[in-house]
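Every value quoted in this text rests on a predicted model; they were computed, and no experiment measured them.
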Amino acid sequence: MESTPGTLGDLFRSLGLTLTIRPQADEADAWACTLTRPDGATYEIDSVTFFDVDPDTGDEWAVEPSPSRVLSVLAGGDIEGDDDAVDAEAEAESAARAFLGDAGYDLLLELDAAGAE
């Protein structure tokens, strides 16, 4: 990373990532997402659903994944696993850190906490 990215979208571009999305046939409004690094390494999200919320009414609706939304999942969204939730979260964090590298993951956490999409 040459200059420090200021948003999740900037981080996505600075890492040279690509995003492939596929609708899940067995879950309404759910998506399978694959992030790919320039070296070909991938990070898979089996199923995720994203929502936008109207701040005035609280109404929400499903939306398609975007690079910033998917990176936000890597920062520690709601993780559902077959095992203990704590183990699933620790495993997800470890995999995301390995995929993005320590500097990339730390910056991801900072940008996500600041809401810098």
Do [X] and [Y] have side chains that get closer than 4.5 Å, going by heavy atoms?
X: Phe12; Y: Leu35; value: yes
X: Leu100; Y: Leu17; value: yes
X: Trp31; Y: Val70; value: no
X: Leu111; Y: Thr7; value: no
X: Glu44; Y: Thr34; value: yes
X: Leu74; Y: Ile45; value: yes
X: Cys33; Y: Leu19; value: yes

- Message: Between Asp54 and Trp61, is the side chain to side chain contact (heavy atoms under 4.5 Å, CB included) condition met? List the steps.
- Response: CA-CA 9 Å; Asp54 183 318; Trp61 58 94; 3.9 Å; yes

- Item | Side-chain (Ser72) to main-chain (Arg69) donor-acceptor, under 3.5 angstrom | no

- Message: Check whether Ser47 reaches the backbone of Ala30 with its side chain - one donor and one acceptor, N or O, closer than 3.5 Å.
- Response: no

- Query: If you take all heavy atoms of Leu8 and Leu71, which pair is closest and at what distance?
  - Reply: O-CD1, 3.4 Å

- What heavy-atom pair brings Tyr43 and Ala92 nearest, and what distance separates the two atoms? OH-O, 3.8 Å

Can you sort out the partners of [X] under salt bridge (Lys or Arg N to Asp or Glu O under 4.0 Å), two or more places apart, ordered by chain and number?
X: Asp112; value: none
X: Asp39; value: Arg37
X: Asp106; value: Arg97

- Query: Going hydrophobic residue to hydrophobic residue with side-chain gaps under 4.5 angstrom, can you get from Phe51 over to Val48?
  - Reply: no

- To the nearest 0.5 Å, how far apart are CG in Leu11 and OH in Tyr105? 12.0 Å

- Message: Just verifying a value: how many Å separate Glu27 CD and Asp46 CG, rounded to the nearest 0.5 Å?
- Response: 9.5 Å

